[in-house]
Amino acid sequence: MIMGNKIIKVEDAFITIGGYILSILKNKELQVDTLYSKFLEIYPKHISFEQFTYAIDFLFMINKIRIKHDDVLEIVL
């Protein structure tokens with residue numbers, strides 16, 4: 001599910017969801033629940049919180065975001 005293919009639609013891929021997450025976090029740091037709310041406002045289809053957290057895990061693994069404190073996320077520059 002990292003990238004789209006014949007079975008997984010591109011809009012369901014972690015890399016696509018991650019791009020939207022990074023665009024929200026571009027200028028600020030946010031708690032995960034606030035980030036999810038803002039994500040749902042701009043993403044064209046509903047994504048479950050579980051799928052959303054998998055995308056966050058993916059971004060963390062590729063060192064694009066970090067946990068600042070508690071559950072506050074920020075972009076790694």
K.L.:
Taking atom CZ of Phe60 as the centre, does the number of heavy atoms from other residues, nucleotides or ligands within less than 6.0 Å exceed 12?
P.N.:
no

K.L.:
Kindly compute the distance separating CG (Leu59) from CD1 (Ile21), expressed to the nearest 0.5 Å.
P.N.:
5.5 Å

K.L.:
Hey, are the side chains of Phe58 and Lys64 touching, using non-hydrogen atoms and a 4.5 Å cut-off?
P.N.:
no

K.L.:
For the side chain of Thr53 and the backbone of Phe49, is there at least one donor-acceptor N/O pair under 3.5 Å apart?
P.N.:
yes

K.L.:
So which atom in Gly18 and which in Ala55 form the shortest heavy-atom distance, rounded to 0.1 Å?
P.N.:
N-CB, 4.5 Å

K.L.:
Any chance you could measure Ile65, atom CD1, to Leu30, atom CG, to the nearest 0.5 Å?
P.N.:
11.0 Å

K.L.:
Just say parallel, tilted or perpendicular for the rings of Phe39 and Phe52, cut-offs at 30° and 60°.
P.N.:
tilted

K.L.:
Compare all side-chain heavy atoms of Lys26 with those of Ser23 and state whether any distance is below 4.5 angstrom.
P.N.:
no

K.L.:
Please list, one pair per line, the donor and acceptor atoms closer than 3.5 Å that link side chains of residues 70-77 to other protein atoms, with sequence neighbours excluded.
P.N.:
| unit_1 | atom_1 | unit_2 | atom_2 | d |
| --- | --- | --- | --- | --- |
| Asp71 | OD1 | Gln31 | NE2 | 3.4 |
| Glu74 | OE2 | Arg66 | NE | 2.5 |
| Glu74 | OE2 | Arg66 | NH2 | 3.0 |

K.L.:
Could I get the full list of ring-ring contact (aromatic ring centres under 6.0 Å, His included) partners for Tyr20, not counting sequence neighbours?
P.N.:
Tyr43

K.L.:
Please round to the nearest 0.5 Å and tell me the distance separating atom CD1 of Ile56 and atom CZ of Phe14.
P.N.:
11.0 Å

K.L.:
Establish whether Tyr54 and Met61 are linked, either directly or via other cluster members, by ILVMFWY side-chain heavy-atom contacts under 4.5 Å.
P.N.:
no

K.L.:
Could you give all pairs that pass the salt bridge (charged side-chain N to carboxylate O under 4.0 Å, His left out) test and reach residues 27-53, with sequence neighbours left out?
P.N.:
Asp12-Lys45, Glu29-Lys68

